[in-house]
Structure formats: structure tokens, C-alpha cells
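To keep things clear, I will list the structure first and then write my remarks on it.
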Amino acid sequence: MLKKTPWMLMLLTALMLAVAPLQAKQANGPAPDFTLKSRDGGNVKLSELAGNVVMVNFWASWCAPCRVEMPKLNQLYNKYKDLGFVLLGVNVEEQQKPPLNFLQKRPVDFPILWDNRNEVSKEYKVIAMPTTVLVDRSGNIRYIHQGYKEGDEKKYRKIIKKLLRE
Amino acid sequence: MPAKAGAAPAPHPGADVVATSRNDSVRPLRVAAGLLLLLTSLAARGAVLPEDRADLLYHSYSGGGADINGPSLLVRKKFAEDVSVTANYYVDNVSSASIDVITTASPYEEQRTEYSLGLDYLRDRTILSIGYTNSVENDYIANTYSLGISQDMFGDLTTVSLGFIYGDNTVGRNGDSNFEEPAKLRDYRLSVSQILTQDLIVALTLETITDEGFLNNPYRSVRYLDPSSPRGYSYQAEVYPRTRTTNSVALRGRYYLPGRSALSAGYRYFSGSWGIQADTWELGYTLPWDEDWIFEFSYRFYDQGPAEFYSDLFPYRDAQNFLARDKEMSSFTTKTLGAGVTWYFEENGTGFIKRGTLNMNIDRIAFDYRDFRDLSVTGVAPGEEPLYAFNSTVLRLWLSIWF
Amino acid sequence: MNKLPILLPLLLLSACSSVEPWVKPYERAHLADPIMSFARDPVANNYIHHVYDAREGGRGAGTASGGGCGCN
């Protein structure tokens with residue numbers, strides 16, 4: 001048993017040190033443009049929303065934190081939409097049926113876009129689910145947030161207010 | 001083994017030692033108590049704490065003359081978004097007339113109650129877990145302490161978990177208030193799970209357990225050839241080593257089949273310092289149906305070789321330093337066929353219950369011993385009794401709600 | 001052989017920073033499905049392991065964990 005102790009200790013140390021949290025893409029530079037089909041049928045092009053503060057939220061119905069986040073995002077959308085704020089819910093699933101089922105039980109008012117082939121997710125280098133990207137009125141990425149924990153919507157609110165004032 | 005009135009056990013004619021036996025199922029249940037706790041906490045996935053939930057289970061084991069059933073209630077709740085707490089209440093109501101009990105003693109009834117508390121703390125991609133379990137029955141007290149750490153790595157495709165369990169137990173003996181022996185246990189566990197493709201995940205687990213102290217059953221005895229006895233054999237108390245080390249390594253995988261179903265397979269190799277070696281093979285198939293149903297089918301094959309000091313019939317008294325006739329230490333196989341069904345009565349709920357399931361699972365286990373004989377069969381020369389075999393049925397009925 | 005407890009974690013350390021995940025977080029729909037979980041119902045799972053531990057000589061390495069949605 002004593003012989004095992006150095007092994008376990010070393011492995012434990014390695015574990016703690018080997019945490020390599022994948023760093024977020026630097027929040028600078030123009031947001032890559034994209035055109036995606038929306039739930040309502042029409043197309044949405046990011047560059048056409050220039051002048052607004054745009055929040056792009058990558059989500060999936062199978063992702064538990066995403067499901068918890070949706071109603072909070074809906075609140076943010078309804079609060080700031082008349083001040084030049086647009087929230088795009090980019091769904092990353094292959095099939096539309098599961099997210100539509102979810103939205104039927106938990107409806108939201110903001111546009112839902114389909115990134116079925118994950119082209120936009122790749123462009124935005126999405127490395128966690130959910131991922132929230134905030135784009136300013138000039139079309140530049142100003143903030144990237146990975147994941148969702150309760151209370152994160154307060155962080156979003158702060159940055160949205162700041163960007164709206166610009 | 002006397003019925004629960006503390007009455008002195010009646011010795012069998014020819015027995016040198018008052019030979020009473022316990023249902024073998026009860027003893028190692030306590031060892032599993034701490035493992036249960038650690039397993040529950042290690043089930044936390046990488047960078048997300050497990051969801052809040054409550055499970056109420058009715059469990060029942062019936063076979064080989066033993067009937068054990070009872071409830072298990074688990075509640076898990078998050079606090080402060082970084083901490084998840086679990087509490088578990090578990091009871092075994094035991095009614096036993098197993099092969100050892102009916103051949104050397106009398107049927108008995110007893111109850112074992114177990115309480116557990118666990119805490120998981122999440123920070124970035126690390127989950128730290130601690131836990132405590134207390135298990136009490138009239139002749140055994142188990143206190144188990146556990147510590148675990150789980151880490152997501154390499155883009156969350158790999159999860160590495162380390163666990164340590166310390167068990168501090170006291171073995172008693174009914175009818176003998178002076179008998180109180182300690183048994184301590186240390187359990188080290190390493191588990192690595194790896195996502196290989198969008199549809200395939202595998203996991204490798206290693207576990208080493210060492211125990212020391214009074215490690216056998218205080219009621220069990222071995223038999224030896226004794227021409228002076230009317231039956232041809234006599235009994236003497238079991239003698240076990242006071243230390244034991246065991247090692248297990250297991251590889252498991254789950255594969256997602258197109259059209260939504262899952263195939264699972266696993267193999268475990270076990271070996272220990274008492275000479276026991278065992279192979280376990282498992283196969284499973286999970287099949288969802290419609291929107292609200294999931295069916296599950298499983299097969300398990302277990303093949304064990306005996307402990308070095310095990311024998312069904314020793315040639316004479318004190319034949320070895322260590323003596324065992326516990327059928328768990330013998331050479332045998334178990335084959336299990338299992339089937340289960342889950343019904344989602346609530347999914348994406350907006351009230352208190354976000355999700356809810358009703359579940360039932362039945363397993364049928366066939367035990368076949370290669371060197372343990374059925375002593376309930378009389379009129380046969382010692383060592384010529386038929387080999388023992390029996391079937392048992394495990395029923396699990398439970399309600400789960402996520403809130 | 002004595003150097004192994006030191007070498008192995010260092011190897012892990014050096015390997016971890018250069019690996020790009022080949023299954024992206026948004027590609028984990030199947031892995032996040034409850035049917036792909038090693039232990040969908042912990043309480044029921046723990047009980048059946050407990051049944052085997054109590055009646056068989058083998059013990060340990062009974063379950064696995066990991067996978068899932070990889071969220072956050």
C-alpha cells in the first residue's frame with residue numbers, strides 16, 4: 001500500500017496541473033459574417049444587423065445548461081429589443097425536430113437560426129456548449145462567454161448595457 | 001443462527017463448535033456500502049454537476065433460500081451553483097434460510113439500515129467529492145469515508161477520476177457480547193473515460209482494495225472428514241488470513257447505433273491475494289420506443305476460481321493454516337439475464353417536476369457451483385453430495401423525478 | 001521503474017496542451033443522450049452491483065463514468 005502512495009500522489013498532482021482549459025478566442029476583431037435560415041422561414045444575415053448590438057447564442061436541446069439559460073435569454077431579449085438589441089439563438093443540431101419539441105414546451109420570442117451543418121459553429125470556433133458571443137454596433141466581437149452557470153445573465157446584462165450606450 | 005431473540009444456538013450432534021451460519025449476502029453488503037457512496041459521487045460528469053433529483057427504489061432479492069427487500073431513497077440538490085449534496089437512506093430486510101443456514105443452523109430475520117451523505121464541489125473542470133456512510137445491523141457496524149476527484153481534459157473528451165475510500169468496521173457475533181473485532185478497508189480507484197467518436201465512449205477502471213482485521217464470517221464453519229461422526233464429517237470454525245489485497249481492471253464501452261439505440265459491452269478481470277481469480281463479461285442493449293419509453297436488455301457472465309484455502313471437505317481437522325468453506329470463495333459461475341423498462345411520465349415539465357420516470361428492472365441470476373456441495377441432501381457419502389446450484393430473482397422498482 | 005510515478009504525469013502534462021478535440025462540443029448530441037450514459041439511474045445501478053459484490057468473490061471496478069454533454 002505504501003508503494004502505491006507516490007503513484008497516486010503524482011497522478012493527483014498531474015491531474016491538477018494538467019487542467020488545460022481551452023482558452024477563449026481573443027475577443028477582438030470583426031465577427032465573421034453568416035447567413036442562416038430562421039425558424040420563421042426567412043434568412044438572417046449578420047452584417048445586415050449592423051448598428052445593433054447582437055448576441056449570438058449557440059445552443060442545443062440536449063445541453064442541460066442551454067435549456068436553463070433559454071428563459072433568461074428571453075428575458076434579456078424582451079427587455080432590450082427596443083433599444084437596438086438583437087438576440088440570435090443559433091441551434092447546432094442536425095435535426096430540427098428535437099429543438100422544435102423543446103421550444104414548444106418552453107417558447108422564446110427571439111429568432112432561432114438553424115446551423116444544421118455546423119458551419120457557423122466552426123467559424124466561431126465554438127469550444128463549449130453553450131457559447132455566447134456579443135457583437136457591438138460596428139460588427140466587432142467584444143465578449144465571448146463559454147458555458148452557462150446561474151448568474152451569468154447578470155454578466156451579459158452589464159455588457160449589453162455598456163454596448164448599447166456606444 | 002438463532003431467530004432474532006438472542007437465544008443460544010442449538011449445537012448439531014457431532015459438531016465440535018457451535019456452527020451457525022449467516023446468509024452470505026449480508027456480510028459483504030457492508031463493504032459495498034462505501035463503494036455505493038463513491039460510485040454515486042463519481043457518476044458526476046466532467047464539468048457539470050449532476051442534476052437535482054430524487055429517486056425512490058424498492059429492491060428485492062429472492063433466491064437460494066434468502067429474501068431480502070427494502071427501500072432506498074436518494075435526494076440530490078444543488079446549492080450555490082457549485083455544490084451538490086446527496087443524502088441516501090437504505091434498508092435491507094433480511095429473511096434467510098440459505099443453504100448454510102438450513103444445514104448448520106436455523107432461519108433468521110434481521111434488518112440493516114444505512115445512511116449516507118455526500119458532497120460534490122465543482123470548480124472549472126474539476127469535481128471534488130466527499131462522502132460518509134454509516135451502516136448498522138445487530139452484529140456489524142460499518143463507517144465508510146470517501147474522497148474523490150474528477151477532471152475533464154483534452155477538450156472534455158477525457159475524464160479522469162481518482163477515488164479513495166476508507167472503511168472502519170466492527171464485526172460482532174450474536175449470542176456473544178464479548179465478540180467485537182475491527183476490520184479496516186482501504187480502496188483506491190482510478191477511472192479514465194475517453195470519447196472516441198461522436199458515437200463511441202470507452203472507460204478503463206482500475207481498483208485496488210486492501211483490508212485487514214477480522215475478515216471472515218463469525219458464524220461460518222468448514223467441514224472435514226471424520227469417520228467417528230455419524231454423518232462422516234465434522235465441523236470446525238473457519239480461519240481466514242487477517243489481510244487481503246484485491247485488484248480489478250475493467251474495460252467498458254458504449255456505442256450509439258443509428259436510429260437511436262445503444263450497445264454496451266464490458267469485461268473485468270479480478271484477482272486477489274487469497275488466490276481468487278474471476279472474469280466478468282457484460283453485454284447490454286438499450287432501445288428507446290416512441291417518445292416516452294426505453295427498454296433495456298442485458299446479459300452477464302461471471303466465472304470464478306476458488307480461494308487457495310477453500311475446500312468443500314477437508315481431509316482431517318486443522319488440515320491447513322487457513323480454512324474456508326464459504327461458497328463465495330469457491331469455484332463457480334453466475335449467469336444473469338436482465339430486462340428493464342423506463343416510462344417518462346413527464347419531460348420538459350414547467351412545474352416542480354421537470355422530468356419524471358417510472359422504472360422496473362428484473363434480473364434472473366443462475367448460480368452454479370463447481371466445488372461446493374449441497375449438504376441438505378442426506379444419505380450420501382461425504383464428498384458425494386450433488387453440487388449446489390440455485391436461481392435468484394432481483395427486482396428493482398423505482399420512481400425518479402428531476403426538479 | 002522507480003522513475004515511472006514521476007515520468008508518467010509529466011508525459012500527461014506535455015500531451016494535454018497539444019491535442020485538439022476531434023469531437024466538437026456541438027457534435028455531442030448522441031453522447032449526451034441518456035441512453036449513452038454509463039449509469040442512467042445511480043440508485044438502481046448501485047443496488048445491482050451491491051447484489052453481485054455480496055454474493056461473488058470479485059469486487060471493484062464495477063462501474064464507469066464520463067462522457068455526457070461536455071457542457072460548460
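Taking CE of C:Met36 as the start and CZ of B:Arg260 as the end, the distance is 11.5 Å to the nearest 0.5 Å. Atom CG of C:Asp41 and atom CG of B:Asn361 lie 9.0 Å apart (nearest 0.5 Å). Atom CD1 of C:Ile48 sits about 10.0 Å away from atom OH of B:Tyr61, to the nearest 0.5 Å. Rounded to the nearest 0.5 Å, atoms CG (B:Asp199) and CZ (C:Arg28) are 12.5 Å apart. A distance of 6.5 Å separates NE2 in B:His59 from NE2 in C:His50, rounded to the nearest 0.5 Å. Rounding to the nearest 0.5 angstrom, the gap separating the OG1 atom in B:Thr197 from the CH2 atom in C:Trp22 is 10.0 Å.
Taking the ring-ring contact (aromatic ring centres under 6.0 Å, His included) definition, one finds that C:His30 meets it with B:Tyr256, sequence neighbours left out. Listed by chain and residue number, nothing satisfies the salt bridge (charged side-chain N to carboxylate O under 4.0 Å, His left out) test with C:Glu27 (two or more places apart in sequence, or in another chain).
Interface residue B:Gln194: only side-chain heavy atoms are found under 4.5 Å from chain C. Heavy atoms of B:Tyr255 lying under 4.5 Å from chain C belong exclusively to its backbone. Only the backbone of B:Ser261 comes within contact range of chain C, judged by heavy atoms closer than 4.5 Å. Residue B:Ser264: no heavy atom, backbone or side chain, is found under 4.5 Å from chain C. For chain C, the nearby part of B:Leu57 is the side chain; its heavy atoms alone come within less than 4.5 Å. For B:Glu296, the part sitting under 4.5 Å from any heavy atom of chain C is the side chain, from C-beta outward, and nothing else. In this structure, chain C has no heavy atom under 4.5 Å from any part of B:Leu287. Proximity to chain C is limited to the side chain of B:Arg53, based on heavy atoms less than 4.5 angstrom apart.
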Next on the checklist: Applying side-chain contact (heavy atoms from CB on, under 4.5 Å) to B:Thr280 and C:Glu56, what does each step give before you reach the verdict?
Outcome noted: CA-CA 11 Å; B:Thr280 312; C:Glu56 293 171 348; 5.5 Å; no

Item to check | Trace of the side-chain contact (heavy atoms from CB on, under 4.5 Å) decision for C:Arg55 with B:Thr334 | outcome: CA-CA 10 Å; C:Arg55 289 170 185 79; B:Thr334 72; over 6 Å; no

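Summarising the geometry of C:Tyr47 relative to B:Ile68, their closest heavy-atom pair is OH-O, 4.5 Å, with the distance given to 0.1 Å. The two residues C:Phe38 and B:Val202 come nearest to each other via the heavy atoms CZ-C, 4.4 Å.
A donor-acceptor pair under 3.5 Å is formed between the side chain of B:Arg254 and the backbone N or O of C:Ile35.
At a cut-off of 3.5 Å, with distance as the only test, a side-chain donor of B:Thr336 or C:Tyr52 sits close to an acceptor on the other residue.
Ion pairing of B:Asp187 with C:Arg59 is absent here, as no side-chain N (NZ or NE/NH1/NH2) approaches a carboxylate O to less than 4.0 Å.
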